[in-house]
Structure formats: C-alpha cells, structure tokens
Amino acid sequence: MRSSSGGRVAIECAAGHPDLVASLVLESTLGVPTSLDESLEVFEPRRGQVARDAAARYLGGDTSPSAARAWADHGLPLYAGASDGDIAARRARALINDEVQAHFRAGGCGPAEVTAALATAVTCPTLVLAGEDDPVSPAAAARRLPAIRTSTATQVEVLAGVGHGVFRQASQKSFDALRTFLRDIPGRATRRRWTPPGDHLGVAANVTEVLRHDTTGLFSGFLEG
C-alpha cells in the first residue's frame, strides 16, 4: 500500500516485479492520467475563481513570492478535503525542501504520469482509493484507471468530502474498503517465498510467515486493539 508519490513508485515496482507483488493498494496516488485543468476544476467549486487562479499560477510553475502567497492564502487550504481541519497548521510543522520540490516538478525524478503500457504491465488486483475533493490526484483520473488497466481487475473507491490523503481523513472508511479488497483476493494466503541475498538472520522466513496469516485479520486486530 502506497500513498501519493509513493503510489507512483509502487506501480513501477508492481509492473517490473510482478512475482513480488500479489496485490496493490494506491491511495491518493500521483501519476494517474490527468491534467492541470482537471485539478483546477476541483479548486473552483469550493472557493471560486480566486482559488482557481492561485492554483493555476502556482501549480503551473510560477513560484514567485506573489504566486506563493496567493497559493498559501487561497489554494493550499483546499489541498485537503472540507472535513480535514487546518492543513496550513500541519504544513507549518513540516520541513519543506524547496530544492527537492523544484527537482521533482522539473521531472528530475522521472516521468510522473502512468502510461497505458505501464498500467497494463501491472497484473495483480488493485484497489484505488481517491478523495472527491483531491486537487492533486483528481477523482476523475482515478475513475479513468480501470479503462487503461485491462490486464487485471481494478477497484476504485471515491470518498466524498475527502482531499489528498484518504487514509488520514477517512480512516474507518478506508480500512473498511481495504478489508473487503483483501478478503476478496483469490488465493491471498499463498505467496512465493523470497530470500534476499546475504540473508542469515531468517528475516525472509519471518516475512513469509507473516504473509501466510489472514491479512484481513491482522488489520482488524490492529484497528480494534
């Protein structure tokens, strides 16, 4: 299970190493086929044209002081869903590396979009969790994934009133969807045993033993305990 940009990495891993990935859960994942206009359409209904314009400037590449201030005032508060609380306060507690962000936006970490060829290379069952209010990874794009992932079943769950970060904002609904997805995977208790090179501590054996358990029960115990 991976979130946001981690979802993009997970897709690459599942496509390149299908023998190691039995199922995939993508939450608010980046890389789904979308456009800036599609993201802007999420901003406008919630705070009008001023929010759309601020997002268009900043997400479009204008990181000047005035564009950054407009984004902080009108765009950033809508990054999450209507019920997610004060995202600006959470961001104030984070350490933001502007150089890394600029490198990522310029494509320095590789192509962001998941192509049809890459999506089709993922052969394991996949659950996609998306927020209806997510401007970063729009729900419209998540709904488009099953059409390009013709190689396997793709289940999409879109949660109303939720922005970027579905598990944080709607934990119970997210885990309910996750339990159902894991329970319905055919042969979910069978995994190929993988031993990493140079393993002398039995780590692989322990991992394999964990995977043999009922994963749904593990999640249930975690939540209820």
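No experiment lies behind these values; they were computed from the predicted model shown.
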Which heavy atom of [X] sits nearest to which heavy atom of [Y], and what is that distance?
| X | Y | result |
| --- | --- | --- |
| Leu127 | Ala177 | CD2-O, 3.9 Å |
| Val32 | Leu145 | CG1-CD1, 3.5 Å |
| Val166 | Ser174 | CG1-OG, 3.1 Å |
| Val42 | Asp133 | CG1-O, 3.3 Å |

Would you say [Y] and [X] are linked by a side-chain donor-acceptor pair, where the criterion is simply a distance under 3.5 Å?
| X | Y | result |
| --- | --- | --- |
| Arg57 | Ser66 | yes |
| Ser4 | His164 | yes |
| Ser35 | Asp37 | no |

Practice task
Apply side chain to side chain contact (heavy atoms under 4.5 Å, CB included) to Val21 and list each qualifying residue two or more places apart in sequence or on a separate chain.
Solution key: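 For Val21 the side chain to side chain contact (heavy atoms under 4.5 Å, CB included) partners, ignoring immediate neighbours, are Cys13, Ala14, Cys124.
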Exercise for the section: For the pair Arg144 and Glu38, find out whether any cationic side-chain nitrogen is under 4.0 Å from an anionic carboxylate oxygen. Expected result: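 Looking at Arg144 and Glu38, the cut-off is met.
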Handout entry: Salt bridge flag under 4.0 Å for residues Lys173 and Asp176
Key =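 Looking at Lys173 and Asp176, the cut-off is not met.
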Exercise for the section: Determine, stepwise, if the pair Glu157 / Arg143 fulfils salt bridge (Lys or Arg N to Asp or Glu O under 4.0 Å). Expected result: CA-CA 9 Å; Glu157 297 286 342; Arg143 292 188 178 102; over 6 Å; no
Exercise for the section: Please work out which of the three classes, parallel, tilted or perpendicular, describes the rings of Phe43 and Trp71, given edges at 30° and 60°. Expected result: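 Answer is perpendicular, since the angle exceeds 60°.
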[X] side, atom [atom1]; [Y] side, atom [atom2] - distance, nearest 0.5 Å:
| X | Y | atom1 | atom2 | result |
| --- | --- | --- | --- | --- |
| Leu26 | Ser137 | CG | OG | 9.0 Å |
| Leu76 | Tyr58 | CG | OH | 8.5 Å |
| Ser28 | Asp134 | OG | CG | 5.0 Å |
| Leu36 | Leu59 | CG | CG | 6.5 Å |
| Asp184 | Gln155 | CG | CD | 8.0 Å |
| Glu44 | Ser39 | CD | OG | 13.0 Å |

Practice task
For the pair Leu159 and Glu132, evaluate side chain to side chain contact (heavy atoms under 4.5 Å, CB included) and give the outcome as yes or no after the intermediate values.
Solution key: CA-CA 6 Å; Leu159 282 67; Glu132 193 71 64; over 6 Å; no
For residues [X] and [Y], determine if any side-chain heavy atom of one lies less than 4.5 Å from a side-chain heavy atom of the other.
| X | Y | answer |
| --- | --- | --- |
| Arg47 | Leu78 | yes |
| Pro125 | Leu24 | no |
| Leu118 | Arg8 | yes |
| Thr154 | Val128 | yes |

Practice task
Decide side chain to side chain contact (heavy atoms under 4.5 Å, CB included) for Thr120 and Ile148; before the verdict, give the C-alpha distance in whole Å, the side-chain angles of both, and the deciding distance to 0.1 Å.
Solution key: CA-CA 7 Å; Thr120 303; Ile148 66 172; 5.8 Å; no
Practice task
Verify side chain to side chain contact (heavy atoms under 4.5 Å, CB included) between Val25 and Leu178, making sure each step is shown before the conclusion.
Solution key: CA-CA 8 Å; Val25 179; Leu178 178 60; 3.6 Å; yes
Practice task
Look only at the side chain of Glu27 and the backbone of Phe167, and say whether a donor-acceptor pair between them is shorter than 3.5 Å.
Solution key: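 Judged by distance alone, yes, a pair lies under 3.5 Å.
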Handout entry: N/O donor-acceptor pair under 3.5 Å between Gln169 side chain and Val162 backbone
Key =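 Looks like no, no N/O pair under 3.5 Å.
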